[in-house]
Visitor: 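The structure follows.
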Amino acid sequence: MSIQPSTYSPDIAVPADKRVFGARDLFSLWFSLGIGLMVLQTGALLAPGLGLSGSLLAIFLGTLVGVLLLAAVGVIGSDTGLSAMAALKLSLGAKGASLPALLNLLQLIGWGSFEIIVMRDAASLLGTRAFSEGSVLASPLLWTLFFGGLATLLAVSGPLTFVRQILRKWGIWLLLAACLWLTWNLFAKADLAALWAKSGDGSMPFAVGFDIAIAMPLSWLPLIADYSRFGKRAKSVFGGTALGFFIGNFWLMSLGVAYTLAFAPSGEVNALLLALAGAGLGIPLLLILLDESENAFADIHSAAVSSGILLRLKVEHLALAIGVICTLIACFAPLAQYQNFLLLIGSVFAPLFGVVLVDHFILRRRGQGRVASLHWPALVAWLGGIAIYHVLANLYPDVGATLPALVLAGLLQLMLGRAFSGARASVQA
């Protein structure tokens with residue numbers, strides 16, 4: 001396997017002749033990133049409160065809306081050729097983009113650590129079932145170091161090598177086989193008609209379930225341009241991203257709901273993992289477990305790209321350092337419930353990309369525009385969207401907060417952006 005350069009400078013647009021990703025590449029990438037143990041466990045969060053029918057509806061609507069927004073942000077990467085955080089300079093200004101770059105770095109280190117922890121716990125469980133609790137292959141430390149090292153190696157090698165030489169050639173076929181096996185096992189052993197007829201216990205409002213479901217695709221908004229900037233055409237970027245992530249995320253999160261209700265009614269993470277480990281001698285779970293390293297790869301690589309906006313170091317060196325940090329965190333941190341973590345991400349980045357989408361597609365009409373030091377209207381609209389999110393989340397939880405905050409932040413950006421440009425034009429006249 002030849003290693004291609006992992007990235008180009010985050011501040012410099014990828015040259016046209018280096019934009020090699022077509023629809024198939026992006027479908028493979030985002031189908032893979034839409035699959036994972038954390039996606040299964042997110043389905044487990046929804047299962048008790050919403051039941052099977054309510055959970056599937058929340059997942060369908062949340063994923064559908066989320067992937068359309070995700071793919072639209074991906075087009076910004078293909079339009080500009082810039083990394084995600086570098087592209088923010090066009091909307092927020094050179095200094096204004098530093099804050100989201102820092103926040104993105106922090107949340108990606110958190111996500112990367114969570115991914116390693118999830119892989120560690122699942123691998124330790126499989127090792128215990130296959131051998132014994134005291135076996136070396138059941139050691140959490142061993143698996144933490146293994147998966148941390150694997151994810152770091154992938155992050156250093158970069159997206160061109162990963163997508164073209166791993167995912168497209170054989171990775172996506174193994175994932176499809178695992179998903180098909182888990183689906184067949186579910187239909188063969190579970191009474192889905194009875195589960196469908198049984199409603200949830202009401203402990204989770206539908207709007208909160210929608211917010212959790214939409215948070216999965218929206219959690220990738222600050223990353224997607226790091227990969228779509230290698231896309232050949234905007235149409236391929238949009239279609240490949242939306243279709244790939246929707247199929248993978250909806251399929252796996254739905255399996256998480258169904259397996260929890262059918263085989264792990266306690267709703268605990270370990271109960272779900274035990275149910276999955278019992279299907280097909282644990283082989284499907286093992287394949288999904290290996291796929292989780294791809295999610296960690298994306299977190300570590302994009303964290304390096306984000307920090308490349310703040311530090312003038314090679315992305316490969318930053319990826320190595322961040323991979324070590326994530327692995328060390330995973331060594332000492334227990335697996336905590338991450339529902340609030342998902343919602344917190346939505347409170348910061350969903351309004352931000354409402355601003356960015358309006359600025360790119362409506363105000364600048366997909367052009368580059370002028371990069372100022374600070375674009376105050378965009379910053380005000382972003383902060384307004386964050387405030388709207390927390391007001392709705394705390395005072396009106398049954399309404400939902402993520403999508404309204406994104407839309408309202410975008411409307412604020414539209415009004416302030418036009419007013420600011422109109423006032424500037426009047427002064428210049």
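The basis for the numbers below is simple: all heavy atoms, side chains too, and nothing from hydrogens, waters or symmetry mates. Please read all numbers here as calculations on a predicted model, not as lab measurements.
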Visitor: Scan side-chain atoms only and decide if Trp111 and Glu115 contain a donor-acceptor pair under the 3.5 Å cut-off.
Guide: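 Per modelled atom types, Trp111 and Glu115 side chains form no pair under 3.5 Å.
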Visitor: Return the minimal non-hydrogen interatomic distance between Gly74 and Ser228, and the atom names on each side.
Guide: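 Distance-wise, the nearest heavy atoms are O-OG, 2.7 Å.
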Visitor: State which residues pass ring-ring contact (aromatic ring centres under 6.0 Å, His included) with Trp196; sequence neighbours excluded, sorted by chain then number.
Guide: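 Listed in chain order: nothing, the list is empty.
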Visitor: Quick one: closest heavy-atom pair of Leu26 and Ser236, and the distance?
Guide: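 Closest heavy-atom pair between Leu26 and Ser236: CD1-O, 4.1 Å.
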Visitor: Looking at OG1 of Thr402 and CG of Leu392, how far apart are the two atoms once the value is rounded to the nearest 0.5 Å?
Guide: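 Rounded to the nearest 0.5 Å, the OG1-CG separation comes to 9.5 Å.
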Visitor: Which distance, rounded to the nearest 0.5 Å, do you find between the CG of Leu192 and the CZ of Phe187?
Guide: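 That separation rounds to 5.5 Å.
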Visitor: If you define the side chain from C-beta out and look only at heavy atoms, does anything of Arg364 sit under 4.5 Å from Asp359?
Guide: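 Result yes, sub-4.5 Å side-chain heavy-atom pair found.
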Visitor: Evaluate the side-chain proximity of Thr63 to Ile214: yes if any heavy-atom separation is below 4.5 Å, no if none is.
Guide: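 No, every pair of side-chain atoms sits at 4.5 Å or beyond.
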Visitor: State whether the side chain of Arg19 and the backbone N or O of Ser78 hold a donor-acceptor pair below 3.5 Å, judged by distance alone.
Guide: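 It does hold such a pair.
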Visitor: State, to 0.1 Å, how close Leu223 and Ala298 come at their nearest heavy-atom pair, and which atoms those are.
Guide: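 Shortest heavy-atom contact: CD2-O, 3.8 Å.
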Visitor: Within the distance-only criterion (no hydrogens, no angle test), does the side chain of Asp211 pair as donor or acceptor with the backbone N or O of Ala401 below 3.5 angstrom?
Guide: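 Yes, because the side chain of Asp211 sits within donor-acceptor range (under 3.5 Å) of the backbone of Ala401.
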Visitor: Is there side-chain contact between Val67 and Asn249, with at least one heavy-atom pair below 4.5 Å?
Guide: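 Counting from C-beta outward, Val67 and Asn249 never come under 4.5 Å.
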Visitor: Starting from the C-alpha separation in whole Å, work towards a yes-or-no answer on side-chain contact (heavy atoms from CB on, under 4.5 Å) for Phe31 and Leu175.
Guide: CA-CA 9 Å; Phe31 177 81; Leu175 288 178; 4.1 Å; yes
Visitor: With heavy-atom distances below 4.5 Å as the criterion, would you say the side chains of Val257 and Leu50 are in contact?
Guide: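 No - every pair of side-chain heavy atoms lies 4.5 Å or more apart.
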Visitor: For a 4.5 angstrom cut-off between non-hydrogen side-chain atoms, does Met204 reach Leu46?
Guide: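 With C-beta onward as the side chain, the pair touches.
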Visitor: Mind listing the closest non-hydrogen atom pair of Thr80 and Ala87 along with its distance?
Guide: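 Result for this residue pair: OG1-CB, 4.3 Å.
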Visitor: For residues Val305 and Val315, report the shortest heavy-atom separation together with the two atoms involved.
Guide: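 It is CG2-CG1, 4.1 Å.
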Visitor: For the atom pair CZ (Phe114) and CE (Met119), what is the distance rounded to the nearest 0.5 Å?
Guide: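 It comes to 13.0 Å.
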Visitor: Looking at Phe246 versus Phe27, is the centre-to-centre ring distance below 6.0 Å?
Guide: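 For Phe246 and Phe27, the ring centres are not under 6.0 Å apart.
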Visitor: Evaluate the side-chain proximity of Phe353 to Leu218: yes if any heavy-atom separation is below 4.5 Å, no if none is.
Guide: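 Result no, sub-4.5 Å side-chain heavy-atom pair not found.
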Visitor: Evaluate Trp382 against Leu99 for side-chain contact (heavy atoms from CB on, under 4.5 Å), listing each step before the verdict.
Guide: CA-CA 12 Å; Trp382 178 29; Leu99 178 58; 4.0 Å; yes
Visitor: Considering only heavy atoms from C-beta outward, does the side chain of Ile224 approach that of Phe245 to under 4.5 Å?
Guide: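 No, every pair of side-chain atoms sits at 4.5 Å or beyond.
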Visitor: Look at the aromatic rings of Tyr227 and His301 and report parallel, tilted or perpendicular, splitting at 30° and 60°.
Guide: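 Judged by the thresholds at 30° and 60°, the geometry between Tyr227 and His301 is tilted.
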Visitor: May I ask you to decide if Asp121's main-chain N or O and Ser124's side chain share a donor-acceptor pair within less than 3.5 Å?
Guide: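 Side chain of Ser124 to backbone of Asp121, a donor-acceptor pair under 3.5 Å: no, none is there.
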Visitor: Given 3.5 Å as the limit, does a donor-acceptor pair link the side chain of Tyr259 with the main chain of Leu182, or not?
Guide: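 Confirmed, Tyr259 side chain pairs with Leu182 backbone.
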Visitor: Less than 4.5 Å apart, side chain to side chain, heavy atoms only: is that true for Pro217 and Leu69?
Guide: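 Pro217 does not reach Leu69 side chain to side chain.
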Visitor: Out of curiosity, Phe21 CZ to Thr241 OG1, how far, rounded to the nearest 0.5 Å?
Guide: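 The CZ atom of Phe21 sits 10.5 Å away from the OG1 atom of Thr241.
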Visitor: To the nearest 0.5 Å, what is the distance between CE (Met216) and CD1 (Ile59)?
Guide: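 Nearest 0.5 Å value for the CE-CD1 distance: 10.5 Å.
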Visitor: Would you name the heavy atoms of Ala258 and Leu186 that are closest together and state the gap between them?
Guide: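 Minimum heavy-atom separation between Ala258 and Leu186: CB-CD2, 3.5 Å.
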Visitor: To the nearest 0.5 Å, what is the distance between CG (Leu318) and CD1 (Ile300)?
Guide: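 Leu318 CG to Ile300 CD1: 12.5 Å, rounded to 0.5 Å.
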